[in-house]
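Letters A, B, ... are given to chains in the order of the sequence lines, protein chains preceding strands, and every chain is numbered from 1.
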Amino acid sequence: MTADMTPKAPVPVPERSLNSGNAAPVSIVACPNGPLLIRGDFELVGADGEELPRTRRTVALCRCGASVLKPYCDGSHKLTGFRSEP
Amino acid sequence: MKQPSPRGEISTLVLNTITGTVDAGQDSLARLATLVEEAVAAVPDILYDDDLQLALFCLYELHYSGIDEAGDDWEWNPDLLRVRQQIEKAFERRVRDEVILGDLPGTTSEAVCAELFRMTGADSGPSMSRFVAKSATDDQLHEFAVHKSIFQLKEADPHTFAIPRLSGRAKAALVEIQADEYGNGLPARMHSALFARTMRELGMDDTYGAYLDAAPAITLATNNVMSLFGLNRRLRGAAVGHLAAYEMTSSQPNRLYSRGFKRHGYGEGATEYFDEHVEADAVHEQIAGRDMAGGLVESDPGLLQDVLFGAAAGLAIDTRMTIHIMEAWESGRSSLRPSAAMAS
């Protein structure tokens, strides 16, 4: 028998990091009449430098000013008729 | 899924057939083919036909979670598939009648995305979300959960069937959306799990299909149209368009649904599903419109009409369900079918 049969300690579940070590290039899409869509490995921090609560890798940031979930987009730009082009 | 109660001759025969062996089912299959042929020719409106919609729902369910007591070998039984296609053909024809596409946009990703936002932004009848936010009673919130539960407890599954049929940018975008729908690896964050939690907070059974008997034909039709698009490769453009329209009409309604549940004193456990969708779908709608739908059309311009058809069809059938529910509520009736599940 070659396999190590000693019981293993439970494998610690790493805290899920949205920023993997292998940085994927960040892209920011300025969605026409909508938010800024950010993909890749980036940190989103508040004015104090602390990371902001975030539950998904790709986020949409408000740029119409009307979101109630700022800095995230909540789709309000569609109600206010926000235009990104003059 | 638990076996539903049949709603007529065809759904009775479908359930009887698939809960028996394939060998024993040959006579019923022949009889079923005849019955369906007569029914689809005579039905006034298949969208509202309980017997045909339930039969189709059950036939599709063989490709999802299966049905208790039904053998797995029925899934690809050619005679049973032929029966499904008879119903499907009539259903698709009816869904196509619902949709009139106007002038087609260009085939660039941005033009497709803009057209989808235009279509989904146009006012399309009564607003269930505003009613839920302001006026719905607690009983109506429970009814609302019944209608939603038919899909939300398997949220994302029909569109997942489209993944291997796409490539490149469109595929990456669909996977990005679906990964979020499925909780990014965290089972408790799956949208279907969040909805199950909402149901438990409402004191309801969160088992998939528990309230199927209470769901009217038009609610089943909103689900069947997703399976029609998801399970037929030739309709992959429609599956993509349907998902894009779904995501684009989600953020604001979910904010209002959340408000309705808070108004009745329900806590975060009940509202998290809706709150999560406000933020998630503001992301998804951008990915869905530009990268998924737009990306698909850029790589295969011949699919433009299918994408727009899928979007318009989803909006039209969902509007019909909303009209059904709102008409019932406005006249003080239940929007559900009488069923043992709701009586308990």
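Using a 4.5 Å cut-off between heavy atoms, A:S76 contacts chain B through both its backbone and its side chain. With a threshold of 4.5 angstrom between heavy atoms, B:A114 does not approach chain A through any atom at all.
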Apply the test ring pair (Phe, Tyr, Trp, His ring centres under 6.0 Å) to residues B:F274 and B:Y266: give CA-CA distance (whole Å), side-chain angles for both, the deciding distance (0.1 Å), then the verdict.
-> CA-CA 12 Å; B:F274 305 105; B:Y266 291 104; over 10 Å; no
Report the C-alpha distance between B:R290 and B:E298 in whole Å, list the side-chain angles of each, state the deciding distance to 0.1 Å, and finish with yes or no for salt bridge (Lys or Arg N to Asp or Glu O under 4.0 Å).
-> CA-CA 10 Å; B:R290 193 162 292 105; B:E298 271 197 3; over 6 Å; no
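In this structure, A:R54 satisfies the cation-pi test against A:F42, with its NZ or CZ atom closer than 6.0 Å to the six-membered ring centre and inside 45 degrees of the ring normal.
In terms of heavy-atom pairs under 4.5 angstrom with chain A, the leader among B:G121, B:A280, B:S251 is B:A280.
Of the charged side-chain nitrogens involved, at least one lies within less than 4.0 Å of a carboxylate oxygen, so that B:E285 and A:K78 count as a salt-bridged pair.
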